[in-house]
Amino acid sequence: MAGAAHHPSPNNMFISLLFLAAITCSSFSPSNAQSCASYTFSSNQLYASCASLPQLGATLHYNYTADTNTVAVAFRAPQSKAGWVAWGLNPNGTGMVGSQAVVAFQHSNGSLVAYPTLLDSYVPSMAPAAPKNLGLPVSDVAAEHVNGKEMVVYATVALPGKGSKFNHVWQQGTSVVNDVPAAHPTTGDNILSTGTIDFSD
Ligand SMILES: *[C@@H]1O[C@H](CO)[C@@H](O)[C@H](O)[C@H]1NC(C)=O
Ligand SMILES: *[C@@H]1O[C@H](CO)[C@@H](O)[C@H](O)[C@H]1NC(C)=O
Ligand SMILES: *[C@@H]1O[C@H](CO)[C@@H](O)[C@H](O)[C@H]1NC(C)=O
């Protein structure tokens with residue numbers, strides 16, 4: 001389950017309070033009533049754990065292997081074929097900037113594409129990151145669009161070996177322009193979709 005960030009600065013504290021308020025309100029909404037554990041994947045992939053994330057109707061499903069410091073994830077969120085979804089880890093900070101994400105969207109050639117990207121500012125390029133620039137090596141990146149209603153992005157991430165608890169971020173946007181995911185809304189749930197995840201839970 002996601003929670004508030006560690007070591008909050010005054011700004012982050014404000015966001016964290018909003019975040020907690022959002023959790024409290026959304027726990028009564030129908031979207032949160034459905035447990036992530038009831039979700040089944042198209043190829044019946046199984047994950048040992050999952051979290052119903054408190055914003056954007058998203059869920060994260062994961063298999064954590066402590067021995068090898070790796071986590072295999074499937075991130076899913078409601079999305080049409082015109083939009084994009086992304087999930088990332090921020091290994092050295094909180095929030096969007098500094099996160100390394102995987103993003104999925106439908107390319108203009110008709111293929112669903114997915115790749116790792118670096119969220120190095122509030123206006124990141126969203127371009128594919130070169131493997132040498134990935135602080136957290138990523139493999140097995142794939143995506144699918146399900147029933148015209150949701151997108152799933154899969155990845156296996158090599159973790160830095162400092163435990164199982166991380167700050168993470170997740171996001172969705174409704175448009176892709178020239179095969180680049182366009183900016184997400186900068187209000188509401190789209191700026192609250194950040195928290196902590198303990199992969200050993
Ligand atoms: C997750 O781990 C379980 C148990 O080891 C395994 O059966 C399953 O295939 C794994 N799932 C993925 C997607 O790797
Ligand atoms: C569409 O473009 C993507 C990204 O360049 C590429 O990976 C994919 O193979 C292309 N698909 C087709 C059907 O050409
Ligand atoms: C996080 O910090 C460590 C230690 O300073 C550094 O080696 C690593 O490259 C950083 N990771 C990322 C993804 O920036």
Side-chain angles (χ1 to χ4, degrees), residues 1-2 34-53 57-89 100-120 124-134 136-161 163-166 168-184 196-201:
M1 188 69 194
Q34 190 193 350
S35 163
C36 60
S38 65
Y39 188 82
T40 51
F41 289 91
S42 61
S43 304
N44 295 316
Q45 297 97 317
L46 298 175
Y47 292 89
S49 310
C50 71
S52 296
L53 303 177
T59 57
L60 185 71
H61 307 256
Y62 50 97
N63 261 4
Y64 172 62
T65 309
D67 288 351
T68 55
N69 284 312
T70 56
V71 66
V73 302
F75 170 76
R76 53 156 296 281
Q79 190 53 266
S80 75
K81 280 188 171 165
W84 56 270
V85 301
W87 171 84
L89 288 177
Q100 182 185 302
V102 283
V103 61
F105 60 92
Q106 185 173 275
H107 192 276
S108 57
N109 67 16
S111 295
L112 204 60
V113 294
Y115 54 76
T117 190
L118 300 175
L119 306 181
D120 49 6
S125 71
M126 299 304 284
K132 69 176 167 59
N133 293 331
L134 296 176
L136 309 173
V138 179
S139 56
D140 301 326
V141 182
E144 65 184 336
H145 198 241
V146 184
N147 296 332
K149 285 187 191 156
E150 53 187 38
M151 276 187 196
V152 185
V153 58
Y154 301 92
T156 299
V157 183
L159 302 169
S164 57
K165 195 168 182 182
F166 289 87
H168 70 149
V169 292
W170 61 99
Q171 197 52 267
Q172 64 84 31
T174 53
S175 72
V176 174
V177 178
N178 297 329
D179 296 320
V180 178
H184 60 79
T196 61
I197 182 103
D198 189 341
F199 292 124
S200 68
D201 285 347

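Counting starts at 1 for both ligands and their atoms, in listed order. All values below come from the heavy atoms of this structure, side chains included, with hydrogens, waters and symmetry mates left out.
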What is the minimum heavy-atom distance between [X] and [Y], and which atoms define it?
| X | Y | result |
| --- | --- | --- |
| A48 | N63 | N-OD1, 2.7 Å |
| L112 | A143 | CD2-C, 3.6 Å |
| G83 | V176 | O-CG2, 3.8 Å |

- request: Could you label the plane-to-plane angle of the Y39 and H61 rings as parallel, tilted or perpendicular, counting under 30° as parallel and over 60° as perpendicular?
  value: tilted
query: Taking the inter-plane angle between the rings of Y62 and F199 on a 0 to 90° scale, is it parallel (under 30°), tilted (30 to 60°) or perpendicular (over 60°)?
result: perpendicular
task: Identify, by atom number and element, the atoms of ligand 1 in contact range of Y47, meaning under 4.0 Å from any of its heavy atoms.
output: 13 (C)
query: If you count the atoms of ligand 1 from 1 in the order shown, which ones are under 4.0 Å from a heavy atom of L46?
result: 1 (C), 8 (C), 10 (C), 11 (N), 12 (C), 13 (C)
- request: Rounded to the nearest 0.5 Å, what's the gap from OG1 on T59 to CZ on R76? Could you check?
  value: 4.0 Å
- line: Heavy-atom contacts under 4.0 Å to ligand 2, chain-then-number order, include exactly H107, N109, S111, V113
- line: With sequence neighbours left out, the residues meeting ring pair (Phe, Tyr, Trp, His ring centres under 6.0 Å) with H145 are none
- prompt: Under 3.5 Å, is there a donor-acceptor pair linking the side chains of T65 and D67?
  reply: no
Polar proximity ligand 1 side, N63 side, N/O cut 3.5 Å exclusive: yes
- prompt: N/O of A48 under 3.5 Å from N/O of ligand 1, yes or no?
  reply: no
